[in-house]
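The shown structure was predicted, so the numbers you read here are calculated from the model rather than taken from an experiment.
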Amino acid sequence: MNTVSRPRFWAALTAVIFALCGIYLTLGGVWLLSYGDTPYYAVCGIALLATAYLVWRGRAAAFWLYTLIILGSLIWAISEIGIDFWSLVPRGDVITILGIWLLLPFVSRQITTSRLATLPLLGSVVLALIVVVVAFVQDPGDKAGNLPTEKIAAAGSDAAQVPDGDWQAYGRTQYGDRFSPLTQINADNVSKLKVAWTMRTGDFKGPNDPGEATNEATPLAVNGTLYFCSLHQKLWAVDGATGKTKWVFDPHLYVNPGFQHLTCRGVTYHKSDASAVTSDGTPAPDECHERLFLPVNDGRMFAVDAQTGKACPSFGNNGEIDLRTPYMPYDHVGGYEPTSPPVVTDKVVIVSGAVTDNNSTKEPSGVTRAFDLFTGKLVWVFDPSNPDPNEMPSGDHKYVANSPNSWITASYDANLGLVYIPTGVQTPDQWGGNRTPDAERYASSVLALHADTGKLAWSYQTVHHDLWDMDLPAQMSLVDITQKDGTVIPAIYAPAKTGNIFVLDRRDGKLIVPAPELPVPQEVVKSDHVAPTQPFSDLTLRPKALLTGKDMWGGTVFDQLICRVAFHQLDYKGTFTAPSERGSLIFPGNLGIFEWGGLAVDPQRQIAISNPIALPFVSRLVPRGPGNPLWPEKDAKGSGGETGLQHNYGAPYAIMLSPFLNPITTRIGLPIPCKRPPWGYMAGIDLRTNKVVWQHRNGTLRDSLYNSALPIQLPPLKVGVPSLGGPLTTAGNVAFLTSTLDFYIRAYNVTTGETLWQDRLPAGGQSTPMSYSANGKQYIVTYAGGHGSFGTKMGDYVIAYALPN
């Protein structure tokens, strides 16, 4: 006899477990099959039910049947997604664990007395484990390569005016390169980095703050002093060698939970001399020869003396100008929010700002303005929706409501006298049925303006009739590219949320890298339309293929099945699938492939480092009806964020926005995407050939349960997680990034992308690090303050790293 005639406890329990799993997979598999997806889950579920019956009856055939289940699952998984560890895991983890359970002596002996009957199952389990180990040690999505190491050119012309040890602008220079020429810290010794000092601001999120409370600031460094803004836009001056505070300027920010943002990405520095003149040609006031410009989220901007921390009296109203009055339409606090540092020339400070997304059709203008550097007098305007964008405001003319805005820092080429503005789209973002040709003309575009007058030099549109919030989210990088024949082309690299990097001649806006117009999906709600084609740059990090059911993911076969079903319930025909009432899968998602961190460019080697994201979103248009009024009740507040239900008052639809997350794990506080990883990676780009040379997944799920009630810290396995912030690169052949979902600062070999060093941060690092020198020592500094809507731990830490003495 090799069978057991009646069930005992462990065999009975096993049969029940197998039966429950089989029922789930059978019903879910039939559901999935109704969408035309794989029959595997239904077949596997039926086989599990048959196994449960054989176990219950004590038949040795249960081991043979389960052997076929494991082998069949393995063959199916490899044929569907290849030898990819993170994709194999949810297809085989439960199946293999059940096989191991079945082999345990206290279970198997209650089913059969024949040891030989279990050997095929043992062999299939061992084979499955071997495949998993092989998959773990290699990554089919990894792209290895080496960026060129030769220094082809000097740093950009803007860099010549900045001492090597300083970081005088948001991107170190106004070329937006995020490159330090310092070499004391390099790829050979970066593993020895230690914390040199930690400074805490004490500026924490309060009960009256919105959910989108963030610490995204990149400090400036001027002659050994750091300048940065904290959560509530306090301006700090800190000794770069010790971290000790020199002074603090408090703008007394007004904020409420209805604000969409509580963000300050940095401040702007300018130094003048005694011969400086105003935009009118008169001598500049003899004050604040080193000044800082501080944007404030309630719609103001300050000029502050960099030496004393006092407001500059001659600028506006005792150091302050109001960007909301008197000519801004629909003037409500929080509707217009300058969140990023302005650009400065030798005469003007040029400022743009964020406008509330998806709240209503009655929002402030996204106008860009230039103010006199010394007096705060308005010098010029560029209002994208105005037929005459340079029309100055007056008693008879206000700025145009809902004009496309620019919420990130611009770039400036002093030699050409041009400032480069990256623009967004008129709100509402996901419905454009009421947009005029004037509102569309400069939306989601690169604008090149003459810095002295605001007149348009040229423009290039990166998305036509944008229904996806696929704006230009990052400061664009200006790079002088040396051709093989020795000629130099002044280029601009514009990373877009779509994953395209548009490369143009910054003198005239002509494409350097081709960006052909290609057809896109045409289905759209009746009250709107879509453009027939969109530009697709040949230099891109966008997904190359359409997502399919096999790209869906989960922690187990059960939630992976649910994600596959959820995928088929959405409208999706590839990039630029329009939002729908059913719900559309948007990939690249609302965070984009590129976000506000942009590129880090080494202008000497003519290479770039980036940290792209690969996270789908769901956009569902919600028609007006009960509970969704056309206009808000009196004194209604804003959404306080950019996900969830966005009201779009005045439009025929509200919009529900969310990442495409696993519905099962999200319920227990683990918001895992439904798309298989990686969801974030590092990439290295050769700017002379405009090719992506290397690409590696980046970051772990270690801190993904931070906001969960589950007291679990996940293993730090490299899965590739989203990041929000930007990279820093240095002449020491080492790059740095702090912005991943897990709480780390990491250093990478620029040439290969290899991770060289990492250190734990006390909070989320959703900022861009920078580098400077003080007293002969090079420092790497990051702001570890967390990000409310990104879900990382909040904090107030400014941390400096250096090599030991």
Side-chain angles (χ1 to χ4, degrees), residues 14 17-55 59-103 108 116-142 545-565 567-568 674-677:
T14 300
I17 293 172
F18 275 53
L20 291 174
C21 293
I23 291 170
Y24 182 99
L25 290 181
T26 300
L27 295 177
V30 170
W31 191 11
L32 182 64
L33 196 55
S34 70
Y35 293 108
D37 206 333
T38 176
Y40 163 78
Y41 298 89
V43 172
C44 184
I46 293 170
L48 279 170
L49 288 172
T51 304
Y53 172 78
L54 294 173
V55 169
R59 303 292 176 83
F63 296 95
W64 289 95
L65 179 55
Y66 205 78
T67 299
L68 294 177
I69 291 175
I70 289 183
L71 293 176
S73 298
L74 194 60
I75 293 169
W76 165 76
I78 293 175
S79 66
E80 188 172 61
I81 46 82
I83 306 295
D84 182 339
F85 174 79
W86 289 107
S87 295
L88 286 173
V89 164
R91 288 166 168 83
D93 51 4
V94 170
I95 301 299
T96 304
I97 290 170
L98 289 177
I100 294 172
W101 173 266
L102 200 56
L103 288 168
S108 62
L116 293 177
T118 64
L119 290 181
L121 177 57
L122 177 61
S124 66
V125 168
V126 170
L127 177 62
L129 294 176
I130 290 173
V131 170
V132 169
V133 171
V134 171
F136 184 75
V137 298
Q138 56 93 45
D139 185 354
D142 186 86
L546 297 184
L547 293 177
T548 65
K550 69 181 181 182
D551 294 304
M552 298 303 107
W553 198 71
T556 68
V557 68
F558 304 121
D559 54 312
Q560 198 251 356
L561 170 58
I562 291 298
C563 277
R564 289 183 88 137
V565 170
F567 169 76
H568 289 292
C674 265
K675 174 194 165 292
R676 63 173 172 166

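With respect to Ile23, the side chain to side chain contact (heavy atoms under 4.5 Å, CB included) criterion is satisfied by exactly one of Leu27, Thr26, Leu25: Leu27.
Annotation for Ala128 and Ile70: closest pair CB-CG2, 4.3 Å, computed over non-hydrogen atoms. Residues Val557 and Asp93 share a closest heavy-atom pair of N-OD1, 3.9 Å. Taking each heavy atom of Val134 and Val137 in turn, the nearest pair found is O-CG2, 3.2 Å. The nearest pair of heavy atoms linking Val89 to Gly555 is CG1-O, 4.5 Å. The two residues Cys21 and Leu98 have their closest heavy-atom pair at SG-CD1, 4.2 Å. The heavy-atom pair separating Ala77 from Arg91 by the smallest distance is CB-CD, 3.8 Å.
Looking at Asp559, its side chain does come within 3.5 Å of a backbone N or O of Thr556 through a donor-acceptor pair. Side-chain atoms of Gln138 come within 3.5 Å of backbone N or O of Ile83 as a donor-acceptor pair. Judged by distance alone, the side chain of Gln560 and the main-chain N or O of Met552 form a donor-acceptor pair under 3.5 Å. Between the Asp37 side chain and the Leu33 main chain, no donor and acceptor come within less than 3.5 Å of each other.
Using a cutoff of 4.0 Å between basic side-chain nitrogens and carboxylate oxygens, Asp551 and Arg676 are scored as salt-bridged.
Once rounded to the nearest 0.5 Å, the distance linking CD1 of Ile17 with OG1 of Thr51 reads 13.5 Å. Here the OG atom belonging to Ser108 is positioned 11.5 Å from the CH2 atom belonging to Trp101, to the nearest 0.5 angstrom. For the atom pair Thr38 OG1 and Leu32 CG, the distance stands at 7.0 Å (nearest 0.5 Å). Put simply, CG on Leu127 and OG1 on Thr96 are 10.0 Å apart, with the number rounded to the nearest 0.5 Å. A distance of 8.5 Å separates OG1 of Thr67 from CG of Leu102, quoted to the nearest 0.5 Å. The CD1 atom of Ile95 sits 11.5 Å away from atom CG of Leu74, with the distance rounded to the nearest 0.5 Å.
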*Is there a side chain to side chain contact (heavy atoms under 4.5 Å, CB included) between Tyr40 and Ser73 once you walk through the steps?*
CA-CA 8 Å; Tyr40 163 78; Ser73 298; 2.5 Å; yes
*asked:* One pair to check against side chain to side chain contact (heavy atoms under 4.5 Å, CB included): Leu48 and Tyr24. What are the steps and the verdict?
replied: CA-CA 10 Å; Leu48 279 170; Tyr24 182 99; over 6 Å; no
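Here the two rings, on Phe18 and Tyr66, have centers that are under 6.0 Å apart.
Heavy atoms of other residues, nucleotides or ligands lying less than 6.0 angstrom from CH2 of Trp76 number more than 12.
Tyr41 and Arg564 are linked by a side-chain donor-acceptor pair at a separation below 3.5 angstrom, with hydrogens and angles left out of the test. For the residue pair Trp553/Ser87, the side-chain donor-acceptor check at 3.5 Å is not satisfied.
Classified by interplanar angle (parallel below 30°, tilted 30° to 60°, perpendicular above 60°), the ring pair Phe85/Phe136 is perpendicular.
Counting heavy atoms from C-beta outward, Pro120 and Trp64 have side chains that approach closer than 4.5 Å.
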